[in-house]
Amino acid sequence: QVVLVESGGGLVQPGGSLRLSCAASRWTLSYYTIAWLRQAPGEEREGVSCLASSVGSTRIADSVKGRFTTASDNAASTVYLQIDDLKPEDAGVYYCAAREPRGNEPRCASLAAYLYNYWGHGTQVTVSP
């Protein structure tokens, strides 16, 4: 069973930084692809990053490239999302999600939410002066 638990959200001023954590159940990172997706009120979920540590693959969405990075600590079974230079439009609930590999498809070929089967409950990010 895949269990994902996010943490690290909070209230941050514009220009600030946050590091979000996604603690995954044991062995999850050795097989599953992990993505971070966010959802602002009234908006659809938007994929912002992807990481498949078993094959060394990562991807950052163009919309946040240069400010967001993702990394994993496999020993701790945790995936991180580092967010720098936070902007008001970054506010929302941030989820981590997992999906199984699909044949020979590159692990981070897509950040579409519908592809991910397992979800955490999310962590709230608020950006305000």
Looking at Leu4 and Ala98, what are the two nearest heavy atoms and their distance? CD1-N, 3.8 Å

Measure from NZ or CZ of Arg99 to the centre of the six-membered ring of Tyr116 and say whether it is under 6.0 Å with the direction within 45° of the ring axis. yes

Would you indicate whether Glu89, at its atom CD, is surrounded by more than 12 heavy atoms from other residues, nucleotides or ligands within a distance under 6.0 Å? yes

Gap separating the SG atom of Cys50 from the CG atom of Leu37, nearest 0.5 angstrom: 9.5 Å

Could you check whether any side-chain heavy atom of Thr123 comes within less than 4.5 Å of a side-chain heavy atom of Ser7, counting everything from C-beta outward? no

Scanning both residues in full, the closest heavy-atom pair of Trp36 with Cys22 reads CZ2-CB, 3.5 Å

Indicate, with yes or no, if Val79 and Tyr31 share a hydrophobic cluster defined by side-chain heavy-atom contacts under 4.5 Å among Ile, Leu, Val, Met, Phe, Trp and Tyr. yes

Any residue meeting ring-ring contact (aromatic ring centres under 6.0 Å, His included) with Tyr80, in chain and number order, not counting sequence neighbours: none

Would you say Tyr95 ends up clustered with Val2 if hydrophobic residues are merged whenever their side chains have heavy atoms under 4.5 Å apart, either directly or through other cluster members? no

Checking Arg19 side chain against Gly8 main chain: does a donor-acceptor pair fall under 3.5 Å? no

Is there a side-chain contact between Gln82 and Phe68, using heavy atoms and a 4.5 Å cut-off? no

When clusters are formed by joining ILVMFWY residues with side-chain heavy atoms under 4.5 Å apart, either directly or through shared neighbours, do Leu111 and Tyr114 land in the same one? no

Hydrophobic clusters here meaning ILVMFWY residues chained together by side-chain heavy-atom distances under 4.5 Å, can you tell me if Tyr118 and Val48 are in one? yes

When rounded to the nearest 0.5 angstrom, what is the spacing between CD in Gln124 and CD in Glu6? 12.0 Å

Does a donor on one side chain and an acceptor on the other come within less than 3.5 Å for Gln39 and Arg45? yes

Report the distance from atom CZ of Arg59 to atom OG of Ser110, rounding to the nearest 0.5 Å. 6.5 Å

Arg107 and side chain to side chain contact (heavy atoms under 4.5 Å, CB included): which single residue from Ile34, Val55, Leu51 fits? Val55

Okay, side chain of Ser53, backbone of Leu29: is any donor-acceptor separation there less than 3.5 Å? yes

Contact between Leu11 and Ser128 at the side-chain level, heavy atoms closer than 4.5 Å - yes or no? yes

Distance col, row Tyr94:OH vs Leu81:CG, nearest 0.5 angstrom, shows 7.0 Å

Check whether any side-chain heavy atom of Val125 sits under 4.5 Å from a side-chain heavy atom of Leu20, and report yes or no. yes

Specify the closest pair of heavy atoms between Ser54 and Ser30, including all atoms of both residues, with the distance to one decimal. CB-O, 3.4 Å

Separation between OG1 (Thr33) and CD (Glu105), nearest 0.5 Å, reads 9.0 Å

For Arg67, which residues count as a side chain to side chain donor-acceptor pair (under 3.5 Å) partner, sequence neighbours excluded? Asp90

Which heavy atom of Glu46 sits nearest a heavy atom of Ser63, and at what distance? OE2-OG, 3.1 Å

Please answer whether the main-chain N or O of Thr70 pairs with a side-chain N or O of Thr58 as donor and acceptor at a distance below 3.5 Å. no

Looking at side-chain heavy atoms only, is the closest gap between Ser77 and Arg26 below 4.5 Å? no

Nearest non-hydrogen partners of Gly10 and Leu18, listed with the distance: N-CD1, 4.2 Å

How close do Ala40 and Ala91 get, heavy atom to heavy atom, and via which atoms? CB-O, 3.8 Å

